[in-house]
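In what follows, a structure is listed as structure tokens, so that the remarks can point back to it.
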Amino acid sequence: MKKQDLIKAVSFLSDPSKVGGELFFHYVEADKEELLKAPTDATKLNKKLAAIYSESVTTTFKNENDYEIKNIMDVQEFDINTTYYYYEENYPEKLIVLTEQANGTFDFSTHKYNFIKGFVIKLTYGKNSVLLYKIKSNLDFRVTKHWITMVKVSSGFFTSPSNESLVLNEKFDYLITGVFLVVMNLDKLERQCKFDERIKIHSEHIMKSLHENADDIVEGFDSLKEYLGAHTAFAKKMEKIDFQGALWTTDFKVVKKAIQKDEKLKKYLHFNKSGTKFLIKSKMAAKIFFSLCNDLLMKSIISGKAATVTAKDVIE
């Protein structure tokens with residue numbers, strides 16, 4: 001998929017007055033997932049859905065210079081410009097339900113609002129259609145058990161003139177057009193579908209840089225690699241290593257002495273027989289070593305003032 005393909009696919013939304021809109025709930029109870037049609041005032045809500053979300057999609061994609069569109073297999077560690085990624089047919093298993101037909105209508109007397117995991121907005125005009133998926137968040141909440149009506153307000157949220165409302169904003173997390181599913185936010189994809197390719201790439205870059213720069217002070221690269229692979233949340237937050245930092249520019253004997261002075265650090269962080277390298281054999285040793293790559297923390301340990309550093313709590 002290229003930018004022009006995406007722009008062409010959503011071009012029918014440029015005139016919302018000709019677009020029809022429908023709202024569905026992604027409902028998950030026990031192990032059963034299904035799409036349920038929202039219990040709405042069809043005429044009023046559908047017009048508002050069409051106007052609000054047509055504008056949102058059109059605004060998002062109309063300025064070609066503002067974003068990139070790439071295959072999910074070409075995901076990057078970080079993207080300087082706004083980048084949207086797409087799947088071609090092979091969607092994540094947790095998102096396949098979005099392409100299925102609705103299985104009845106949501107009923108407040110038999111269904112539980114807390115089991116709604118997301119919202120699907122279908123926009124159609126003739127043979128053209130797109131599906132938008134919005135992950136349910138703390139900002140989306142039910143006010144009543146009855147009709148759902150929405151209007152646009154200055155705060156960016158939609159609510160009814162009465163207190164009978166469902167509050168949503170115009171943002172969406174996925175767009176499906178034809179065989180393509182476009183991901184608007186990789187962070188949400190990672191949380192919802194456990195997609196970790198970007199984190200794997202980041203971890204690989206970290207390990208490559210360590211092999212190139214840390215061979216003289218580290219034994220146990222396999223343990224470091226294993227730790228990053230098993231702790232994606234840790235790996236995601238870890239910044240690229242600055243090899244001009246204190247751990248790398250301080251005489252290793254000074255670093256070793258500072259580690260051995262700290263009761264907690266020396267319990268987990270050991271050295272090889274010659275005492276010239278860190279010996280990384282455990283998960284805790286790997287975690288501590290990566291923490292020492294934080295220049296502020298390493299400087300504080302060398303100075304003996306580590307107790308004043310917040311990151312110290314993580315090590316403990």
Side-chain angles (χ1 to χ4, degrees), residues 1-26 35-69 82 84-86 95 98-102 105-106 116 118-137 139-144 146-162 164-185 188:
M1 171 183 266
K2 298 179 180 178
K3 285 185 186 180
Q4 290 301 322
D5 298 325
L6 179 57
I7 292 172
K8 182 178 179 181
V10 301
S11 62
F12 73 95
L13 300 175
S14 60
D15 186 354
S17 65
K18 296 180 180 179
V19 179
E22 293 180 90
L23 177 64
F24 302 87
F25 296 154
H26 177 196
L35 281 184
L36 297 174
K37 196 174 187 316
T40 63
D41 176 335
T43 302
K44 292 182 179 180
L45 177 61
N46 288 356
K47 287 183 178 179
K48 291 171 185 173
L49 282 172
I52 292 165
Y53 286 99
S54 291
E55 180 184 352
S56 180
V57 174
T58 303
T59 301
T60 299
F61 297 118
K62 69 178 180 180
N63 295 321
E64 297 182 50
N65 295 328
D66 292 346
Y67 62 92
E68 295 293 330
I69 180 79
T82 298
Y84 304 124
Y85 290 96
Y86 67 86
L95 298 179
L98 307 185
T99 63
E100 298 178 353
Q101 296 296 315
T105 300
F106 184 90
I116 296 174
F119 308 97
V120 174
I121 299 96
K122 184 176 183 180
L123 303 174
T124 59
Y125 173 54
K127 295 182 179 180
N128 298 303
S129 68
V130 296
L131 289 177
L132 308 178
Y133 182 70
K134 177 179 176 59
I135 299 171
K136 182 183 173 186
S137 73
L139 294 177
D140 309 318
F141 59 91
R142 175 177 59 86
V143 180
T144 183
H146 304 296
W147 298 101
I148 299 171
T149 58
M150 294 189 284
V151 295
K152 191 170 184 178
V153 293
S154 59
S155 64
F157 296 99
F158 312 127
T159 184
S160 69
S162 70
E164 299 177 356
S165 60
L166 176 73
V167 179
L168 298 172
N169 63 31
E170 76 279 18
K171 302 299 183 182
F172 55 95
D173 299 304
Y174 305 104
L175 178 148
I176 297 177
T177 174
V179 298
F180 297 102
L181 183 150
V182 180
V183 179
M184 307 305 295
N185 187 304
K188 288 188 176 181

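Everything numeric here is computed off the predicted structure, so don't read it as measured data.
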Minimal heavy-atom distance between A50 and G20, with the atoms involved, is CB-C, 4.2 Å

Check: S56 side chain, I52 main-chain N or O, donor-acceptor pair, under 3.5 Å
no

side-chain contact (heavy atoms from CB on, under 4.5 Å) between F61 and L175, worked out
CA-CA 11 Å; F61 297 118; L175 178 148; 3.9 Å; yes

When rounded to the nearest 0.5 Å, the distance separating CG of L132 from NZ of K122 is 12.0 Å

Between V130 and F12, is the side-chain contact (heavy atoms from CB on, under 4.5 Å) condition met? List the steps.
CA-CA 10 Å; V130 296; F12 73 95; 4.0 Å; yes

With rounding to the nearest 0.5 angstrom, report the OH to NZ distance, Y53 to K134.
5.5 Å

Sidechain-backbone polar pair: K3 side chain, Y67 backbone, donor-acceptor under 3.5 Å:
yes

Nearest heavy-atom contact between T177 and A9 is OG1-CB, 3.4 Å

Between P16 and A51, the two heavy atoms sitting closest are CB-CA, 3.8 Å

Value for CZ (F24) from OG1 (T105), rounded to nearest 0.5 Å, stands at 9.0 Å

Do you know the tightest heavy-atom contact between E22 and K37?
OE1-CE, 3.7 Å

Distance from T124 atom OG1 to L131 atom CG, nearest 0.5 Å?
10.0 Å

When the aromatic ring centroids of F25 and F119 are compared, is their separation below 6.0 Å?
yes

Evaluate side-chain contact (heavy atoms from CB on, under 4.5 Å) for D5 paired with I69, printing each intermediate quantity in order.
CA-CA 10 Å; D5 298 325; I69 180 79; over 6 Å; no

Would a distance-only check, ignoring hydrogens and angles, find a side-chain to backbone donor-acceptor pair under 3.5 Å from D173 to I135?
yes

Closest approach of Q101 to L35 (non-hydrogen atoms, all atoms of both residues)
O-CB, 4.3 Å

Would you call the rings of F180 and Y86 parallel, tilted or perpendicular if under 30° counts as parallel and over 60° as perpendicular?
perpendicular

Let me confirm one number: the CG-CG distance from L36 to L23, rounded to the nearest 0.5 Å.
11.0 Å

For residues G21 and L49, report the shortest heavy-atom separation together with the two atoms involved.
C-CD1, 4.1 Å

Distance check, rounded to the nearest 0.5 Å: H26 atom NE2 versus K136 atom NZ?
12.0 Å

F106 side chain reached by I116 side chain, heavy atoms, under 4.5 Å
yes

Identify the residue among V182, N185, T60 that makes a side chain to side chain contact (heavy atoms under 4.5 Å, CB included) with F172.
T60

